[in-house]
Amino acid sequence: MALQTGPITLDTLKRGLKSGIDVTWQLAKVMIPIYFIVTLLKHTPILGAIAQVFAPLMGFFGLPGEAALVLVLGNLVNLYAAIGAIVSLSLSLKEIAILAIMLSFCHSLPVETALAKKIGLSAISVIAVRMALAVLSGLAFNILL
Amino acid sequence: MLEALKEAAVGSIQSIKQIAIIVIPIMLVMEILKDMGLLDRIADWFSPVVRIFGMRKESAFPLVIGIIIGLSYGAGIIFKAAKENKLSKKDLYLITYFLVAAHAVFEDTAIFAALGVSAVLLLATRLAVAAMFTFLASKVIKETEKEVNL
């Protein structure tokens, strides 16, 4: 098996540019609405209430309570939604690093679990593995960073 | 209220600009490497490496492509390889476990790096942990080789 390869032409650059713009567009499409929603929530008591409820749980990972919003969006929607929430909340670099490693292992569960299931793995074991890796790496980054 | 809307408009556009500056060049470089045939060569280099997981050497190609390009593209190649009977069920499961933990690693890392997180730290942790988990899984699945229902 091999990918199609060929000489580097203008076409290569065009395709590369297109895929870069595609990623940016996918990101913008999801990120902008999330950014608006979270920013508006910040000006209401709702975000504070969410933060308070999740503060004890998020505390294990060295994260503020509102970081729960980032993890939920990343897992139920995709990484772009999580990024939208990260940049609209005021988080420290360490907190962003912890969220980044947790989300790297575990994100977009509906779509990606369906793919793994198609290949023959059980949905529960895939989700359990990914969540376990996210939790362990989050705890480790909080201690080590 | 108007203040919040302004904050969101300016903030979101700035963030997208910040990410685009990093992501677009990376995707461009990946496309060039793909056309240079570098991905195929990397897959070749990995043929001996996948033996550590007890996989056949044909597993290297879907694994490397999935890690670099992404899960959905990787899954397509996995299906193709499975149809051509090049992979055992165990190989298939191990590749998929590795890939659910680590796929599209350059794209994801670039996005987080644009926010200031160390790219090396993220990439190294993700690949090392996925490899360790796959190694463990390869031992567990071996014990029940006849019944590969994980």
Side-chain angles (χ1 to χ4, degrees), chain A residues 1-9 11-13 15-24 27-28 31-32 34-36 38-40 42-43 79-80 83-84 86-88 93 96-97 100-101 103-105 107 111-113 115-116 118-122 125-126 129-130 133 136-137 140-141 145, chain B residues 1 3-5 7-9 11-13 15-16 19-20 23-32 34-37 39-40 58 61 65 71-72 75 77-82 86 89 92-93 96-97 100-102 105 107-109 111-112 115-118 121-122 125-126 129-130 133 149-150:
Chain A
M1 267 190 295
L3 291 174
Q4 278 198 329
T5 59
I8 310 301
T9 59
D11 196 47
T12 311
L13 302 180
R15 263 184 286 121
L17 203 62
K18 189 181 169 297
S19 78
I21 291 170
D22 264 356
V23 172
T24 308
L27 183 85
M31 212 178 104
I32 292 175
I34 299 274
Y35 200 113
F36 271 87
V38 175
T39 305
L40 293 178
K42 272 203 293 199
H43 290 76
L79 278 183
Y80 305 144
I83 303 268
I86 288 176
V87 291
S88 52
L93 194 55
I96 296 178
I101 196 66
L103 287 167
S104 291
F105 286 121
H107 58 253
V111 173
E112 295 187 356
T113 307
L115 268 176
K118 237 166 120 185
I119 296 173
L121 293 180
S122 91
S125 64
V126 168
V129 165
R130 298 186 76 181
L133 294 182
L136 292 176
S137 63
F141 266 34
L145 288 187
Chain B
M1 183 69 182
E3 202 55 35
L5 287 176
E7 181 192 334
S12 58
I13 287 170
S15 310
I16 287 164
I19 291 169
V23 169
I24 294 177
I26 290 209
M27 301 310 276
L28 197 62
V29 169
M30 271 197 4
E31 204 62 38
I32 294 173
K34 229 194 289 179
D35 272 10
M36 283 168 60
L39 298 195
D40 300 84
E58 285 83 359
F61 190 75
I65 298 302
L71 191 59
S72 44
I77 293 185
I78 292 173
F79 283 130
K80 206 173 143 226
K86 282 183 180 154
K89 254 215 156 91
L92 262 179
Y93 290 172
T96 312
Y97 268 119
V100 288
V105 292
E107 186 186 319
D108 293 356
T109 305
I111 293 172
F112 286 119
L115 303 181
V117 182
S118 156
L121 177 72
L122 273 184
T125 308
R126 201 167 172 202
V129 170
F133 176 77
N149 293 317
L150 251 186

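Chain A is the first sequence line, chain B the second, and so forth, proteins listed ahead of strands; every chain is numbered from 1.
Interface summary for chain A: among B:Ile26, B:Asp108, B:Ile65, B:Leu71, the most heavy-atom pairs under 4.5 angstrom belong to B:Leu71. Interface summary for chain A: among B:Ser12, B:Ala4, B:Ser72, the most heavy-atom pairs under 4.5 angstrom belong to B:Ser12. Of the residues considered (A:Ile83, A:Leu17, A:Leu40, A:Leu27), A:Ile83 shows the highest number of contacts with chain B, using heavy-atom pairs under 4.5 Å. The most heavy-atom pairs under 4.5 Å with chain A, out of B:Leu92, B:Val23, B:Thr125, come from B:Thr125. Options A:Ile8, A:Ile21, A:Thr24, A:Leu133 differ in how many heavy-atom pairs under 4.5 Å they form with chain B, and the most are formed by A:Ile8. For the options A:Phe105, A:Tyr80, A:Phe141, heavy-atom pairs under 4.5 Å to chain B are most numerous at A:Phe105. Contact tally against chain A (heavy-atom pairs below 4.5 Å) for B:Gly11, B:Ala20, B:Gly37: the top residue is B:Gly11.
For B:Leu39, the part lying near chain A is the side chain, with the backbone staying farther off; criterion is any non-hydrogen pair under 4.5 Å. Looking at B:Glu107, only its side chain comes within 4.5 Å of chain A, counting heavy atoms on both sides. The contact between A:Leu145 and chain B is made entirely by side chain atoms (from C-beta outward), counting heavy-atom distances below 4.5 Å. Neither the backbone nor the side chain of B:Thr109 has a heavy atom closer than 4.5 Å to any heavy atom of chain A. Of the atoms belonging to B:Ile16, heavy atoms from both backbone and side chain fall under 4.5 Å from chain A. At a 4.5 Å heavy-atom cutoff, B:Met30 makes no contact with chain A through either its backbone or its side chain. In this structure, the portions of A:Lys118 lying under 4.5 Å from any heavy atom of chain B include both its backbone and its side chain. Of the two parts of A:Arg130, only the side chain, counted from C-beta on, holds a non-hydrogen atom closer than 4.5 Å to a non-hydrogen atom of chain B. Looking at A:Ser88, neither its backbone nor its side chain comes within 4.5 Å of chain B, counting heavy atoms on both sides. Both the backbone and the side chain of B:Leu5 have a heavy atom closer than 4.5 Å to some heavy atom of chain A. Interface remark: B:Ala101 contributes backbone and side-chain atoms alike to the contact with chain A (heavy atom separation under 4.5 Å).
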Residues A:Val129, B:Val100; criterion side-chain contact (heavy atoms from CB on, under 4.5 Å); working and verdict: CA-CA 9 Å; A:Val129 165; B:Val100 288; 5.5 Å; no

Check against side-chain contact (heavy atoms from CB on, under 4.5 Å), A:Asp22 and B:Met27: CA-CA 10 Å; A:Asp22 264 356; B:Met27 301 310 276; over 6 Å; no

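Shortest non-hydrogen contact noted between A:Ile101 and B:Arg126 is CD1-N, 4.4 Å. Nearest heavy-atom pair across B:Glu31 and A:Ser19 is OE1-OG, 4.2 Å. Annotation for A:Gly120 and B:Tyr93: closest pair O-OH, 3.5 Å, computed over non-hydrogen atoms. The two atoms that bring B:Ala75 and A:Ile119 nearest to each other are CB-CD1, 4.1 Å, heavy atoms only. Closest non-hydrogen pair, B:Asp35 versus A:Pro7, comes out as OD2-O, 4.0 Å. A:Met31 and B:Ser15 get closest at one heavy-atom pair: CE-CB, 3.3 Å.
Taking the ring pair (Phe, Tyr, Trp, His ring centres under 6.0 Å) definition, one finds that A:Phe36 meets it with nothing, sequence neighbours left out.
Counting heavy atoms from C-beta outward, A:Lys42 and B:Glu7 have side chains that approach closer than 4.5 Å.
One finds the CG atom of A:Leu13 at 5.0 Å from the CD1 atom of B:Ile32 (value rounded to the nearest 0.5 Å). Taking CD1 of A:Ile86 as the reference point, atom CZ of B:Phe112 lies at 5.0 Å (rounded to 0.5 Å). Rounded to the nearest 0.5 angstrom, B:Ile111 CD1 and A:Leu103 CG are separated by 11.0 Å. Taking CD1 of B:Ile13 as the reference point, atom CD1 of A:Ile32 lies at 6.0 Å (rounded to 0.5 Å).
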